[in-house]
Amino acid sequence: MLNMRIVSLYLPDFFEALLETLKVAALSGIFALIIGTVVGVLSTFKSKFAIIPVGIYTGFIRSTPLLVQLYFVHYGLPITGLMLTSFQSAIIAFSLNSGAYISEIVRGGLSSMDKGQAEASRALGLSWAQTMRLIILPQVFKKILSPLISQFSYLIKDTSLAAVLVIPELTYTARKIAARTYMPFESFGVPMLMYFGIYLVLALLSRLVDRKKRSSSDIRRWFGFRKVI
Amino acid sequence: MVRVQEGDMMQDIPLTQQISRLGVAFLSNLAFLPFVLGIGILLGIIIAFIRFHRIPVISQLLAVMVEIVRGSPFLIIVYAVYFALPYIGIELGAFQTGIVVLSITATAYLSEVFRSGLMAMDRGQFEAAEALGMNYFQKSFLIVLPQIVKTTMPSIVGQIVMTIKDTSIVSLVGMVEIVRTSRQIMQLTLSPFTAFSIVSVFFILVCYPLIVVSKRLEGRQ
């Protein structure tokens with residue numbers, strides 16, 4: 001069905017593009033994790049000065065399409081005098097986008113923590129920052145590892161939008177090769193299999209992490225990825 | 001990159017005119033919804049039932065298809081449908097491509113939602129319905145389905161939000177909708193913030209209330 005000559009001819013290109021996709025995803029993922037943790041902690045504060053900006057940020061990100069956010073960063077920021085390459089724009093947009101979803105996950109993890117933990121460590125004389133860093137956050141991250149993995153899986157799929165900014169990642173390469181070879185089934189089939197492979201690996205990983213603490217009421221199966229909206 | 005160059009036709013479009021043009025364009029985004037939701041919910045329920053009953057061969061085939069759709073980025077499915085299908089004699093316009101791809105993804109995600117709803121059902125319900133002498137269809141439509149729709153409502157609303165946001169990606173194969181129109185306006189006025197802010201406001205007006213509703217429904221359960 002698929003023309004194997006074409007597939008093998010362009011396979012190195014596809015793998016190069018796959019690396020680019022993973023690079024974008026990994027960089028954005030790291031920044032998103034930082035943003036998400038900070039915003040997630042901020043969202044548990046009682047102060048209006050924390051809650052309102054956090055609410056605007058997460059509300060904006062969650063109710064507008066990623067494509068619009070990408071355009072905002074790529075076409076909007078240069079007007080303010082900040083010149084960005086398309087790679088930088090993509091990283092900023094993906095980090096801000098994923099960071100908002102991660103902040104929701106972190107907030108969920110924080111609110112599920114027992115209050116006694118924080119009180120006990122304060123009683124032991126630890127400062128608020130120490131309590132967070134040494135006691136609370138390590139436990140939270142252990143708890144939310146599985147949703148974080150599924151969020152990363154969504155991030156990898158979202159990086160396909162970097163194709164719009166002519167970044168040579170998997171989706172852009174697929175289109176380029178399709179236009180060059182007139183073989184769309186091969187050109188789109190191979191990248192889709194690659195995306196699917198990553199998805200499978202992450203889903204298995206998420207399942208492995210989750211297996212230890214699965215409760216009987218929680219119907220989480222094999223590929224239990226659920227998007228936080 | 002937006003740069004003012006000599007010879008560029010810069011054109012001022014009044015704000016009210018920008019808003020009305022973008023508002024009209026947003027209607028074509030929302031026009032996807034009835035089709036996509038109708039197809040997605042119907043096929044999603046059918047696939048969920050087939051997979052729940054583990055009907056051999058079809059069930060496994062559907063499982064693989066659902067996972068492939070859930071594992072692929074939306075954009076590459078759009079490209080694949082738009083650029084590959086003409087080679088087997090199916091030529092779809094941008095709007096039709098949008099309906100097909102949005103329906104495929106909505107079906108895949110919703111089938112999983114309904115399936116988890118089915119699996120969460122209490123077995124006693126089936127047994128009680130059977131004891132009352134109901135046949136399979138009565139059981140499914142009168143007892144099971146209404147309860148599943150109720151328990152999965154937050155996820156259905158979430159899927160609506162995802163569908164609305166995904167309609168923007170169909171602009172990348174030439175669909176004239178709000179995001180494409182905003183880019184055209186931006187290229188004329190050279191002020192990206194105005195155009196994209198209006199677009200964002202339209203999306204927020206529709207999506208944010210839905211997100212709140214979804215959260216509230218989730219909290220109630």
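To find a chain, count down the sequence lines: A is the first, B the second, and so on, and within it residues start at 1. As a basis for the values below, the full set of heavy atoms in this structure was taken, side chains included, without hydrogen atoms, waters or symmetry mates.
A cation-pi geometry, defined here as NZ or CZ lying under 6.0 Å from the six-membered ring centre and within 45° of its normal, holds between B/Arg183 and A/Tyr71. A cation-pi arrangement is present between A/Arg175 and B/Tyr79, with the terminal nitrogen or guanidinium carbon under 6.0 Å from the aromatic centre and inside a 45° cone about the axis.
Looking only at atom types and distance, the side chain of A/Glu186 has no donor-acceptor partner in the side chain of A/Tyr10 under 3.5 Å away.
For B/Tyr109, the part lying under 4.5 angstrom from a heavy atom of chain A is the side chain only. Only the side chain of B/Ser171 has a heavy atom closer than 4.5 Å to any heavy atom of chain A. In this structure, chain B has a heavy atom under 4.5 Å from the side chain of A/Ala163, while its backbone stays farther away.
Classification of the B/Phe35-B/Phe95 ring pair by plane angle, with boundaries at 30° and 60°, yields perpendicular. Under the 30°/60° scheme for interplanar angles, the aromatic rings of B/Phe203 and B/Phe26 are found to stand perpendicular.
Contact count against chain A (heavy-atom pairs under 4.5 Å) is highest for B/Tyr87 among B/Phe83, B/Tyr208, B/Tyr87, B/Phe74. Most heavy-atom pairs under 4.5 Å with chain A: of the set B/Ala195, B/Ser182, B/Ser168, this distinction falls to B/Ser168. Comparing A/Ala178, A/Ser160, A/Pro191, A/Gly197 by heavy-atom pairs within less than 4.5 Å of chain B, the highest count is held by A/Ser160.
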